[in-house]
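Structure, as structure tokens:
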Amino acid sequence: MEKYDFKKIEKKWQKFWEEKEIFKAKDFSKSPKFYILDMFPYPSGAGLHVGHPRGYIATDVIAHYMRMKGYNVLHPMGWDAFGLPAENYAIKTGIHPRISTKQNIAQFKEQMKMIGLSYDWSREINTTDPEYYKWTQWIFLKFFRAGLVYNKTLPINWCPSCKTGLANEEVVGGKCERCGTEVTKKEIPQWVLKITAYAEKLLEGLDKLDWPEKIKEMQKNWIGRSEGAMIKFQISNFKFQIEVFTTRADTIFGATFLVLAPEHPLVLEITTPEYREEVKKYIEETKKKLDVERQEEKEKTGVFTGAYAINPATEEKIPIWVSDYVLPYYGTGAIMAVPAHDQRDFEFARKYDLPIIEVISQNSRLKTQNHNSKLKTKLEKAYEGEGVLVNSGQFDRMPSQKAREEIVKWLKLKGLAEFAVNYKLRDWIFSRQRYWGEPIPLVFCEECKKRIQNSKFPPVGRAGKIKNLEKNQIYKIQNYEYSLGEILNPGWIAVPEEELPLTLPKVEKYQPTGTGESPLAGIKDWVETKCPKCGAPAKRETNTMPQWAGSCWYFIRYVDPKNNKALADRKLMEYWLPVDFYVGGAEHAVLHLLYARFWTKFLYDQEILPFNEPFLKLRNQGLILAPDGRKMSKSKGNVINPDDLIKEYGADAFRLYEMFMGPFDQPISWDPKGILGTKRFLEKVFQIVNSIHWGVASDSKLQIGGSENNKETENRLKRKLHQTIKKVTEDIEAMKFNTAIASMMEFVNELQNSNCKLQIEDFKKFLIILAPFAPHFAEELYHQIEKTEKSIFEEKWPEYDETLIEKEIITLIVQINGKVRDQIQVKKGISEEEAKELALKLEKIQKWLKGRKIKKVIFVKDRLINFVVR
RNA sequence: GCCGGGGUGGCGGAAUUGGUAGACGCGAGAGACUUAAAAUCUCUUGGGGUGAUCCCCCGUGCGGGUUCAAGUCCCGCCCCCGGCACCA
């Protein structure tokens with residue numbers, strides 16, 4: 001008996017597909033396009049483990065399915081290859097990241113090919129290729145010129161282990177997203193991308209996307225839109241006001257003090273001399289604290305400034321305090337404290353004995369308190385819900401929700417309030433103090449700095465706010481032309497486009513300095529350059545871009561990967577983009593997925609892209625854990641490699657098991673024995689074709705399968721086949737691969753058990769629906785049953801016949817009081833009367849009915865009949 | 001605390017959206033083949049009622065409810081996983 005020699009078969013067909021180029025996407029084909037994409041991997045030195053291919057195999061199944069459905073499918077793969085591991089490896093071994101990256105990519109690609117993934121390798125991209133990152137830099141300059149990049153020295157999240165700054169999105173629970181080290185603070189100059197300018201657009205766009213609800217929610221929460229008002233509080237003895245943001249303007253009559261964040265710029269200005277020392281000390285202490293410490297503190301702390309503000313509603317003097325429970329980066333960094341209706345303010349007021357005045361009554365019964373006395377309230381905690389206003393002058397008795405608007409309108413008339421929207425989203429810290437990343441294409445020129453600063457340029461308003469931002473506008477100063485980015489960041493000059501790519505120079509040492517400078521800072525002849533505007537001596541920026549930069553737009557590059565005039569040809573973008581279906585891990589919810597949407601929306605506004613959302617449909621694959629239930633990792637020694645499994649069981653058994661093991665989007669442990677099941681399944685099919693009873697039917701059609709000729713079982717088999725086609729088709733579309741495979745197993749079990757024959761044409765249909773899951777195997781058997789030059793993937797996806805699926809004889813369940821007592825085989829469509837008659841004749845039913853009365857009969861057509869008895 | 005997703009055999013998981021709970025696979029048990037083992041094949045496999053093939057009872061985290069009928073719907077709990085977390 002011939003054995004299924006998967007080693008030979010897999011190699012043979014992989015070569016065949018490559019030579020025939022049948023998985024190549026065709027630009028501008030008349031067939032409808034379908035762009036299905038995997039999140040491209042970072043090619044680590046460890047290679048792929050069994051968790052990685054789960055998503056790749058799923059998209060491969062869908063890609064095959066869509067091709068056979070007649071779509072022109074784009075299914076590419078590439079490498080997100082900038083990043084820390086390669087650099088850390090270089091520090092240890094001295095091997096240049098370019099070399100180790102190249103080796104890692106070769107390994108990844110080899111592994112992917114072993115699995116038989118049908119990527120169009122002619123479109124392969126690599127973010128570390130200068131021809132690629134040229135365009136990453138080009139896009140960065142677009143942001144810069146549009147005024148969406150600014151340089152600022154600010155305390156940022158700093159990973160002491162990676163020795164680099166991090167974006168907020170890269171800090172997970174106070175720890176570095178990459179290495180898990182506790183994040184500290186460091187104050188260094190940073191390039192910051194103004195993602196906040198797109199907060200509203202990023203939020204709006206979500207509604208239209210077919211993404212998992214969870215991911216959409218996470219993005220929504222991250223952006224954190226809240227509606228409220230900006231309210232101005234006059235400072236006693238000063239000419240200025242302090243603005244606060246609140247969502248509860250209805251509680252303003254209960255605002256009994258203000259709290260400023262220690263970082264608030266006006267703190268020291270308003271502090272009275274006698275409190276100065278204490279306030280200064282508090283500010284210093286806060287500076288030393290890590291964000292995590294600040295958040296973990298249970299007890300609120302703070303100091304009085306000695307200053308007072310006027311509550312614009314009550315016109316009473318209220319004290320101004322400083323506390324670190326007010327965050328500098330949200331709202332205005334100052335709050336009006338309403339202790340009766342905000343738990344944090346309540347705790348603070350309790351501790352420092354500040355007045356607590358209730359202004360929202362839970363039940364509409366009116367209570368009045370005397371405003372002028374510091375009332376000892378009986379409140380145990382703040383009431384944060386809705387209610388009716390009390391102690392609020394002319395607003396008494398008004399429902400809180402209405403008052404929220406009315407009070408703002410009232411204060412607005414006095415010029416003291418404005419409706420406002422606030423976001424949690426913060427700007428994107430874009431500099432990394434490391435070597436292995438895209439160089440930021442900017443130089444610093446002292447001469448230009450002076451020129452711009454002396455000109456006191458009009459579009460830049462107070463606090464660096466841009467007025468009347470004009471897209472790509474050029475500003476002329478002394479015959480030099482500057483872009484908005486250059487005006488906003490005096491002295492920083494863009495590297496001219498024609499000089500891109502600005503390539504990474506060779507360095508002696510990759511070791512990060514740890515001082516906040518990148519290793520590039522040590523290379524004199526690279527750093528020292530001339531200003532492209534005025535020719536004066538200038539210095540290059542030595543920080544590099546974050547890991548995420550290259551992945552913000554890579555899906556665009558696949559469309560036209562070798563274009564050296566543009567990031568991609570417009571016509572090709574119009575044909576292929578956006579991505580129809582995107583698959584990857586959920587861990588990128590507020591990282592890559594948010595950043596890529598941001599860049600897309602910006603490039604759309606710049607009229608570079610013809611679409612404003614990158615990924616129309618998104619699905620996340622669940623994590624595959626080690627058999628011990630923990631995450632796979634080299635250090636835990638529980639990694640399972642696909643290579644060994646493929647050598648032992650074959651790529652197709654591996655692919656099938658990856659899809660069969662459980663629902664695609666749920667995490668699951670790897671079961672080392674599980675793959676035996678899918679291997680046995682393939683063996684079974686192979687034996688059916690290779691050993692048992694080929695024959696010719698009476699109508700001279702080739703047949704396969706068992707030895708019996710029995711019209712009835714033949715029909716049953718045929719029905720099962722069409723049921724299977726239907727199930728597999730629907731399940732692929734719904735990404736329920738596990739049940740699709742189960743139904744194919746059922747079919748094969750029935751084919752084997754019935755010992756009956758199946759026409760070759762029908763068996764071919766089965767091979768076609770199996771092909772996306774087990775491509776080599778299906779291709780081999782396809783060629784065994786048919787002499788052809790064609791690939792099975794050039795076949796059409798089979799249609800199923802609904803009329804064949806419907807049974808003529810069905811099983812009708814007979815119940816007594818809702819419990820199954822018997823069943824009968826009846827003709828489909830049988831009437832209630834007929835069913836009742838048949839059911840009542842049943843011995844078992846008669847037994848159950850003995851001595852009882854039928855109260856009611858429930859009949860569900862073609863399903864059941866239920867006798868309700870007493 | 002808030003948001004999102006769950007709880008079904010020894011295990012991974014099915015169940016047409018209210019209609020035969022446990023498909024499919026793993027594991028386990030028994031048997032066949034073999035000198036033997038592995039592989040393969042066949043049968044059994046939720047628990048119980050002292051005899052797998054007849055019959056009955058119980059059973060989808062817990063407690064109630066709606067219904068002829070509940071894993072599925074409603075109310076009240078418990079537990080697990082993921083995310084966010086002083087966001088004014």
Side-chain angles (χ1 to χ4, degrees), chain A residues 1 3 172-174 212-218 220-222 224-226 228 244-248 251 255 259 261 294-298 300 323-327 329-338 341-345 347-348 384 422-426 586-587 589-590 620 622-623 656-657 660-663 665-678 680-681 683-684 687 727 730 736 738-749 752-753 811-823 844 847 855-860 862-869:
Chain A
M1 209 192 293
K3 267 239 144 190
V172 180
E213 220 31 62
K214 184 187 160 185
I215 303 286
K216 289 210 244 183
E217 274 306 308
M218 279 169 78
K220 266 184 209 162
N221 292 339
W222 191 261
R225 183 185 202 272
S226 41
V244 305
F245 174 75
T246 180
T247 53
R248 293 297 300 268
T251 64
V259 188
R294 189 163 169 173
Q295 280 166 19
E296 272 172 0
E297 253 157 36
K298 282 151 213 142
K300 304 248 177 303
S323 172
D324 67 0
Y325 84 87
V326 177
L327 305 171
Y329 43 76
Y330 185 76
T332 61
I335 60 154
M336 64 176 213
V338 184
H341 304 292
D342 182 289
Q343 187 56 27
R344 295 153 302 176
D345 300 342
E347 285 163 22
F348 195 78
E384 296 182 331
N422 214 334
Y423 300 93
K424 278 203 275 187
L425 186 69
R426 290 197 269 160
E587 67 274 15
V590 291
N620 301 120
L623 215 60
L656 275 166
Y657 182 60
F660 179 67
M661 56 193 303
D665 55 358
Q666 271 174 45
I668 193 164
S669 291
W670 183 265
D671 175 0
K673 296 274 183 140
I675 193 170
L676 280 169
T678 53
R680 285 174 194 148
F681 165 66
E683 292 279 7
K684 208 186 277 184
Q687 295 313 330
K727 179 88 179 131
E730 287 170 356
K736 288 159 81 176
N738 53 335
T739 48
I741 293 166
S743 77
M744 288 190 280
M745 288 172 166
E746 274 185 65
F747 170 73
V748 171
N749 289 346
Q752 195 178 43
N753 294 338
T811 304
L812 193 79
I813 302 301
V814 186
Q815 296 182 334
I816 306 289
N817 286 345
K819 288 196 172 176
V820 181
R821 295 302 177 191
D822 207 349
Q823 51 188 31
K844 278 187 213 163
K847 201 183 87 196
K855 250 174 76 185
K856 203 172 161 188
V857 180
I858 311 256
F859 178 71
V860 183
D862 294 336
R863 190 140 279 164
L864 60 84
I865 184 161
N866 183 14
F867 297 100
V868 184
V869 301

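Within the 4.5 Å cutoff, no side-chain heavy atoms of E587(A) are placed close to those of N620(A). Counting only heavy atoms from C-beta outward, the side chains of I335(A) and D345(A) approach each other to under 4.5 Å. Put simply, the side chain of W222(A) does not reach to within 4.5 Å of the side chain of K424(A), judged on heavy atoms. A heavy-atom distance below 4.5 Å is not found between the side chains of R821(A) and F867(A). Residues Q815(A) and I858(A) have side chains not in contact (no heavy-atom distance under 4.5 Å, counting atoms from C-beta outward). Residues M661(A) and D671(A) are not in side-chain contact: their nearest non-hydrogen atoms beyond the backbone lie 4.5 Å or more apart. Using a 4.5 Å heavy-atom threshold, the side chains of L676(A) and R680(A) count as touching.
Per the geometry, CG belonging to N817(A) stands 11 Å off P belonging to C68(B), to the nearest Å. Atom CD in E347(A) sits roughly 12 Å away from atom C1' in G1(B) (whole-Å rounding). In this entry the distance linking CG of L656(A) with P of C24(B) reads 17 Å, nearest Å. If you measure from atom CZ of F859(A) to atom C1' of A69(B), you get 16 Å, rounded to the nearest angstrom. Across the protein-nucleic acid pair, Q343(A) atom CD and A85(B) atom C1' stand 15 Å apart, rounded to whole Å. Rounding to whole angstrom units, OH of residue Y329(A) and C1' of A88(B) are separated by 13 Å.
U66(B) sits 30 Å from A15(B) when the P atoms are compared, rounded to a whole Å. Comparing the P positions of C73(B) and G6(B) gives a spacing of 11 Å, expressed to the nearest Å.
In terms of phosphate contacts, R821(A) brings a side-chain nitrogen or oxygen within less than 4.0 Å of OP1 or OP2 of C57(B). Remark: K844(A) is in phosphate contact with C55(B), judged by side-chain N or O atoms under 4.0 Å from OP1 or OP2.
Note on N749(A): only backbone sugar-phosphate atoms sit closer than 4.0 angstrom, heavy atoms only; bases stay farther off. Note on V338(A): nothing from the nucleic acid sits closer than 4.0 angstrom, heavy atoms only. Among the heavy atoms of the strands, none lies under 4.0 Å from T678(A). When heavy atoms are screened at a 4.0 angstrom cut-off, K736(A) is found touching the sugar-phosphate backbone but no base atom.
For K855(A) against C68(B), no side-chain N or O and base N or O form a donor-acceptor pair under 3.5 Å.
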Checklist outcome for this item: A correct dot-bracket answer for RNA chain B, with pairs being Watson-Crick or G-U at under 3.5 Å, [ ] for crossing pairs and | for inter-strand pairs, is (((((((..(((......[....)))((((((.......))))))((((.....))))..(((((..]....))))))))))))....
Polar atom pairs between nucleotides 5-13 of chain B and protein, under 3.5 Å, N or O only, would you list them?
unit_1, atom_1, unit_2, atom_2, d
G12(B), O2', M661(A), O, 2.7

Extract from the structure each pairing of a protein N or O with an N or O of nucleotides 82-84 of chain B at less than 3.5 Å, listing the distance.
unit_1, atom_1, unit_2, atom_2, d
G82(B), O2', K214(A), NZ, 3.3

Identify all pairs in which a protein N or O lies below 3.5 Å from an N or O of nucleotides 17-20 of chain B, and state each distance.
unit_1, atom_1, unit_2, atom_2, d
G19(B), N2, Q815(A), OE1, 3.1

Output one line per pair: protein atom, nucleotide atom from nucleotides 27-33 of chain B, and distance, for all N/O pairs under 3.5 Å.
none

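With a glycosidic angle no more than 90° from 0, G9(B) adopts the syn conformation.
Without hydrogens or angle criteria, N422(A) side chain to S226(A) main chain gives no donor-acceptor distance under 3.5 Å. A side-chain donor-acceptor contact under 3.5 Å links N753(A) to the backbone of N749(A).
Of all heavy-atom pairs between V869(A) and N817(A), the closest is N-OD1, 2.8 Å. In terms of heavy-atom proximity, Y325(A) sits nearest to S323(A) at CD2-OG, 3.0 Å.
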Checklist entry - Which is it for Y657(A) and W670(A) under the side-chain contact (heavy atoms from CB on, under 4.5 Å) test, yes or no, and what are the steps along the way? => result CA-CA 10 Å; Y657(A) 182 60; W670(A) 183 265; 3.6 Å; yes
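Comparing K847(A) and K856(A) by the nucleotide of RNA chain B that holds the closest heavy atom to each, the one mapping nearer the 5' end is K847(A). Ranked by how close their nearest RNA chain B nucleotide is to the 5' end, K819(A) and G333(A) are led by K819(A).
Applying the side-chain contact (heavy atoms from CB on, under 4.5 Å) test to E683(A) and every residue at least two apart in sequence or in another chain returns K3(A), Y4(A), K679(A), Q687(A).
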